[in-house]
Structure formats: C-alpha cells, structure tokens
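Each remark here refers to the structure printed beneath this line.
Throughout, numbering of the chain's residues begins at 1 and tracks the sequence.
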Amino acid sequence: GAVYLVLAGGAPSGEVSLADADARFTGEETGSYAGTDLAGVGDVDGDGVDDVLISAPTTDHTSTRDGVVYLISGSTIESMSDWSMDLAGADLRLTGVVQENLAGLAVASVGDLDGDSHSDLLIGAGGGGFDDPSAAAGYLVLGASGISGTRSLAEADKTILAEVYGEQLGAAPLRAA
C-alpha cells in the first residue's frame, strides 16, 4: 500500500492522477495495507511542525500481522528532496503487541491530554490484546520531544482492552471530540 499527498493550494477540483501527487509514502512490504487510516496529528515531537500518522495494520514482520503505525515528522516531510519515502524510514514506528493485533486499524490525535504542549496519539487495534489474543485494544501514546525509533505498543502510556471476545474496540475510525 501507499499514501499519496496532493497539495491542493485551495479547494481541489477535477481529477488528479496519483502519478502527479506531490509526495508518496510507501508501505514497508506488500500486503501491509499502508494507509488504512491516517491523520494529521499536530506537533507530537515538539519540533514546531505538525506531524502525520499513517497505519499499516497487516504489516507482517514475522508472519503475525501485528501491524505498525508510523509517525512522520512535519520537519521530515519538509526536508524530503524527492517527495518519496518508504515508511520504514519514518521517525517513529509503533508496533503491534501480539499476533493478529492489527495495530493501526484506526488512528487519531487526541490533542494534548497531559498538558506538555505535545499532541498525543490514540491507536486502535482490532484484534489481539495482552490477556486474550482475540480481544481488541486501544493504545494511548503521549507525545514527547525527540520521540523516535521503534516502540512496541506494549509500552503505550495507557491501554484499553476489550472485555468481550469479538468486540471490535479499536477497529472503528477514531476522532477526537
């Protein structure tokens, strides 16, 4: 999968070919469903530029479909020379917790919950959980200066687990009120 950025410069009209997109973000692997959900999430990393969150819920590094959510810093986007990026090079990779976690079925900014001037993130995972691999979960990740690298959602600042088998907590689109 891939995500294409088209800079409209005003109200978009007519058809735009993806070949003419201003930027392209490509999933790490075939079948990752990169771009299943995405969100402009404000300034998560404290560099003064708004960031973007892109999900790939079936990314399958070990044949487990654990999913990965990618944070791309606005500063990184501004400095892209050819406007093309493999998501493996994202500033932050948030990986699913267990097999079939499908982390990133839904992603959103929830504003600045802890009052530290960094936007915070909510990641939905439609399957998997700590106690029941078939339960769904939501993960809260607090923004911070210099946030980067790869981090398991097992280290999320807060986790909300579904209570009932088959409950699809984290599978629906997330939107902050």
Side-chain angles (χ1 to χ4, degrees), residues 1-9 11-45 49-110 119-128 136-141 143 147-153 156 168-176:
V3 172
Y4 297 85
L5 174 65
V6 176
L7 301 173
S13 63
E15 291 184 17
V16 176
S17 169
L18 293 180
D20 297 326
D22 296 292
R24 176 183 168 143
F25 302 91
T26 307
E28 287 186 73
E29 57 192 49
T30 302
S32 66
Y33 287 89
T36 294
D37 202 10
L38 59 113
V41 292
D43 186 12
V44 176
D45 59 2
V49 184
D50 289 349
D51 307 321
V52 176
L53 203 58
I54 299 174
S55 74
T58 59
T59 296
D60 195 22
H61 296 289
T62 57
S63 300
T64 61
R65 294 174 15 127
D66 49 351
V68 177
V69 175
Y70 305 92
L71 178 75
I72 298 112
S73 168
S75 295
T76 297
I77 294 170
E78 287 180 345
S79 68
M80 290 170 57
S81 60
D82 67 356
W83 289 91
S84 181
M85 175 184 210
D86 184 315
L87 288 172
D91 297 287
L92 176 65
R93 296 174 70 252
L94 298 165
T95 61
V97 175
V98 295
Q99 183 173 345
E100 299 294 325
N101 202 198
L102 303 174
L105 278 179
V107 298
S109 170
V110 290
S119 294
D120 303 319
L121 309 173
L122 190 58
I123 312 295
Y139 304 97
L140 174 67
V141 177
I147 192 169
S148 64
T150 298
R151 181 174 167 189
S152 170
L153 287 170
Q168 291 297 302
L169 173 74
L174 303 169
R175 302 295 173 247

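The minimum heavy-atom distance between L140 and A156, with the atom names listed, is O-CB, 3.5 Å. Across all their heavy atoms, A125 and A103 have their closest contact at CB-CA, 3.8 Å. Residues D37 and L105 approach most closely at CB-O, 3.9 Å, considering heavy atoms. Scanning all heavy atoms of the two residues, the minimum distance from S73 to D45 falls at OG-OD2, 3.0 Å. Between L87 and A34 the shortest heavy-atom distance is CD1-CB, 4.0 Å. What you find for V97 and L153 is that their closest heavy atoms are CG2-C, 3.7 Å.
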Under the criterion side chain to side chain contact (heavy atoms under 4.5 Å, CB included), I'd like the reasoning laid out for L102 against T58: C-alpha separation, chi angles, the key distance, then a yes or no. CA-CA 6 Å; L102 303 174; T58 59; 3.9 Å; yes

Would you sort out whether I72 and D91 count as a side chain to side chain contact (heavy atoms under 4.5 Å, CB included), showing the intermediate values? CA-CA 5 Å; I72 298 112; D91 297 287; 4.2 Å; yes

Working for side chain to side chain contact (heavy atoms under 4.5 Å, CB included), residues V141 and D120: CA-CA 6 Å; V141 177; D120 303 319; over 6 Å; no

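Within the 4.5 Å cutoff, side-chain heavy atoms of D51 are placed close to those of D43. Between L94 and V68, every side-chain heavy-atom pair lies at or beyond the 4.5 Å cut-off.
Taking OG1 of T95 as the reference point, atom CZ of R151 lies at 10.5 Å (rounded to 0.5 Å). Note that CG of L5 is 13.0 Å distant from CE of M85, once rounded to the nearest 0.5 Å.
For Y4, the OH atom sits in a packed shell: over 12 heavy atoms of surrounding residues, nucleotides or ligands are nearer than 6.0 Å.
Proximity of a side-chain donor or acceptor of S32 to a complementary backbone N or O of A56 within less than 3.5 Å is not detected.
With no hydrogens or angles considered, no side-chain donor-acceptor pair links R93 and Y70 at under 3.5 Å.
Only one option out of V52, V107, L121 pairs with V41 in a side chain to side chain contact (heavy atoms under 4.5 Å, CB included); it is L121.
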